[in-house]
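Data block below; observations after.
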Amino acid sequence: MPAKARTDRSTVTRERILDAAERLFAEHGVYAVSNRTVAEEAGQGNTAVVGYHFGTKTDLVRAIAARHAEQVEQRRTEMVDAVEGSADVRDWINALVRPGAEYLAESGEPTWHARFSAQVMTDPALREIMSDDALTSPALRRIVDGLNACLPTLPLEVRLERADMGRHLMVQMLAERERALAEGSPTPRATWSDAATGLVDALVGLWLAPTTAPVTAPTKETT
C-alpha cells in the first residue's frame with residue numbers, strides 16, 4: 001500500500017475512534033467505557049487499535065479535547081482582542097462563555113463535546129489534566145488577568161472560590177443544554193446564543209456578588 005494511502009487510512013481510523021470515544025464518554029463516563037467498546041463502536045475489528053493510535057485513556061481524552069480547542073481558542077482570542085483593557089466584568093465573561101457556545105451552535109446536532117467535558121471534570125485525575133491544559137491557553141490567561149484587573153479589591157480566597165464556582169456552572173450548564181437537545185427535551189432558552197446570555201448574566205452576578213468577612217470564633221479569656 002502506498003505511504004499516502006496508509007496515512008489517509010490511519011487518519012480516517014483516528015477520526016472514527018475520536019468520534020466514537022467522545023460520544024461514548026459523554027453518555028457513559030470515561031472509565032465506564034473500555035477501549036474494546038470504543039473500537040467496536042468505531043467499526044474496527046482490531047480491539048487493540050485504540051491503544052495503538054492513542055496510547056493510554058488519558059492520551060485519548062487529551063486528543064478529544066484538543067480537536068475542539070483550536071477553533072474555540074481562535075474565537076476566544078478574537079473576543080479578547082476586542083475587549084483588551086476593558087474595566088467591565090461582562091466583557092471578560094462574554095469572552096469566556098460565548099466562544100464555546102458559538103462553537104457548539106455551529107457544530108450541528110447532536111454534539112457531545114459539552115457532555116464529554118462535564119464527564120471529564122467529575123474525575124479528579126482527568127480534571128487536573130484538563131485544568132493544566134487550559135492554563136496553556138493564552139486567551140484564557142488574558143481573561144483571568146482582565147477579570148483580576150476589574151476586581152482589584154476582591155480577596156484572593158474569594159477570587160479562587162468564584163473561579164471554581166464559575167467553571168462548574170459553565171461546564172454543567174452547557175452540558176445540560178446539549179443533553180436536552182440530544183434528547184429532544186425543552187430548554188429554558190431557544191438558542192445557544194440566548195443560553196450564553198443567561199450564563200453570562202449569572203456569572204457576572206457571581207463575580208460581582210458582595211463578600212462577607214469570615215466570622216472569627218470567640219476565644220475564652222484566660223485568667
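From a predicted model like this one, the values you see are computed outputs, not experimental measurements.
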Quiz item: Can you pull the ring-ring contact (aromatic ring centres under 6.0 Å, His included) pairs that have at least one residue in residues 80-112, sequence neighbours excluded?
Solution: His68-Tyr103

Quiz item: Is any side-chain heavy atom of Arg142 less than 4.5 Å from a side-chain heavy atom of Ser137?
Solution: no

Self-check item: Donor-acceptor contact present, side-chain Lys57 to main-chain Gly51, <3.5 Å
Solution: no

Quiz item: With sequence neighbours excluded, what pairs up with Glu161 under the salt bridge (Lys or Arg N to Asp or Glu O under 4.0 Å) test?
Solution: none

Quiz prompt | Within-4.5 Å side-chain heavy-atom neighbours: Leu126 and Gln119 | solution = no

Quiz item: Can you find a heavy atom in the side chain of Arg162 that is under 4.5 Å from one in the side chain of Leu203?
Solution: no

Practice problem: First locate atom CD of Gln44, then atom CG of Asn35, and finally report the distance between them rounded to the nearest 0.5 Å. | Solution: 12.5 Å

Practice problem: Report yes or no: do Val72 and Val200 belong to one cluster of Ile/Leu/Val/Met/Phe/Trp/Tyr joined by side chain heavy-atom distances under 4.5 Å? | Solution: no

Quiz item: CD of Glu183: more than 12 outside heavy atoms within 6.0 angstrom?
Solution: yes

Practice problem: Please test Leu60 against Ile64 for side chain to side chain contact (heavy atoms under 4.5 Å, CB included), starting from the C-alpha separation and ending with a verdict. | Solution: CA-CA 6 Å; Leu60 178 56; Ile64 294 170; 4.3 Å; yes

Practice problem: State the CG-CZ distance between Asn46 and Arg36, to the nearest 0.5 angstrom. | Solution: 10.0 Å

Exercise. Using salt bridge (Lys or Arg N to Asp or Glu O under 4.0 Å) as the criterion, list what pairs up with Glu106, not counting sequence neighbours.
Key: Arg75

Exercise. Hey, could you give me each pair passing ring-ring contact (aromatic ring centres under 6.0 Å, His included) that has a residue in residues 160-207? Not counting sequence neighbours.
Key: none

Quiz item: Do we see a donor-acceptor contact under 3.5 Å between the side chains of Thr37 and Ser34?
Solution: yes

Quiz item: Do you know the tightest heavy-atom contact between Arg76 and Ala139?
Solution: CG-CB, 3.7 Å

Quiz item: Restricting to pairs with a member in residues 21-34, which pass salt bridge (charged side-chain N to carboxylate O under 4.0 Å, His left out), not counting sequence neighbours?
Solution: Glu22-Arg67, Arg23-Glu41

Quiz item: In the hydrophobic clustering that connects Ile, Leu, Val, Met, Phe, Trp and Tyr at side-chain heavy-atom distances below 4.5 Å, which members other than Tyr52 occupy its cluster, ordered by chain and number?
Solution: none

Quiz item: Should Leu140 and Val83 be regarded as members of a common hydrophobic cluster, given that ILVMFWY residues are connected when their side-chain heavy atoms come within less than 4.5 Å of each other, either directly or indirectly?
Solution: yes

Quiz item: How would you list all residue pairs meeting side chain to side chain donor-acceptor pair (under 3.5 Å) that involve residues 195-205, not counting sequence neighbours?
Solution: Arg90-Asp201, Arg98-Thr197

Quiz item: Would you say Arg167 and Asp164 make side-chain contact, with heavy atoms under 4.5 Å?
Solution: yes

Quiz prompt | salt bridge (Lys or Arg N to Asp or Glu O under 4.0 Å) partners of Arg16, counting only residues at least two apart | solution = none

Quiz item: What pairs meet the salt bridge (charged side-chain N to carboxylate O under 4.0 Å, His left out) rule with one or both residues in residues 111-128, with sequence neighbours excluded?
Solution: Arg115-Glu178

Quiz prompt | Note, Arg62 side chain near Phe54 side chain (heavy atom, < 4.5 Å) | solution = no

Practice problem: Mind listing the closest non-hydrogen atom pair of Thr111 and Ser107 along with its distance? | Solution: CG2-CB, 3.7 Å

Practice problem: Could you pull out the closest heavy-atom pair between Ala101 and Ala196, with the gap in Å? | Solution: CB-CB, 3.9 Å

Practice problem: Evaluate the side-chain proximity of Glu73 to Pro138: yes if any heavy-atom separation is below 4.5 Å, no if none is. | Solution: yes

Quiz item: Do Leu174 and Val61 share a hydrophobic cluster, counting only Ile, Leu, Val, Met, Phe, Trp and Tyr and linking them when any side-chain heavy atoms are less than 4.5 Å apart?
Solution: no

Exercise. Can you measure from CG (Leu199) to CG (Asp194) and round to the nearest 0.5 angstrom?
Key: 12.5 Å

Practice problem: Give a yes or no on this: more than 12 heavy atoms of other residues, nucleotides or ligands lie within 6.0 Å of atom CZ of Arg141. | Solution: yes

Quiz item: Is any side-chain heavy atom of Ile17 less than 4.5 Å from a side-chain heavy atom of Val38?
Solution: yes

Quiz prompt | Connected via hydrophobic side-chain network under 4.5 Å: Ile143 and Leu154 | solution = yes

Quiz item: Could you state the interatomic distance from CD (Glu109) to CG (Leu104), rounded to the nearest 0.5 Å?
Solution: 10.0 Å

Practice problem: Mind listing the closest non-hydrogen atom pair of Pro186 and Ala180 along with its distance? | Solution: O-CB, 4.0 Å

Quiz prompt | Atom of Val89, atom of Cys150 and distance for their closest heavy-atom approach | solution = CG2-CB, 3.8 Å

Quiz item: Considering residues at least two apart in sequence or located in another chain, which fulfil the salt bridge (Lys or Arg N to Asp or Glu O under 4.0 Å) criterion with Arg159?
Solution: none

Practice problem: Could you note down all residue pairs passing ring-ring contact (aromatic ring centres under 6.0 Å, His included) where residues 16-41 supplies at least one of them, sequence neighbours left out? | Solution: none

Quiz item: Is there a path from Met170 to Leu181 through hydrophobic residues (I, L, V, M, F, W, Y) whose side chains come within less than 4.5 Å of each other?
Solution: yes

Quiz prompt | ILVMFWY cluster membership beyond Met79 - transitive side-chain contacts under 4.5 angstrom | solution = none

Self-check item: Under 3.5 Å: donor-acceptor pair, side chain of Thr187, backbone of Arg189
Solution: yes

Quiz item: Is Ile93 close to Leu147 at the side-chain level, that is, under 4.5 Å between some pair of heavy atoms?
Solution: yes

Quiz item: Where do His53 and Ser10 land on the side chain to side chain contact (heavy atoms under 4.5 Å, CB included) test, with the steps shown first?
Solution: CA-CA 9 Å; His53 282 282; Ser10 176; 3.3 Å; yes

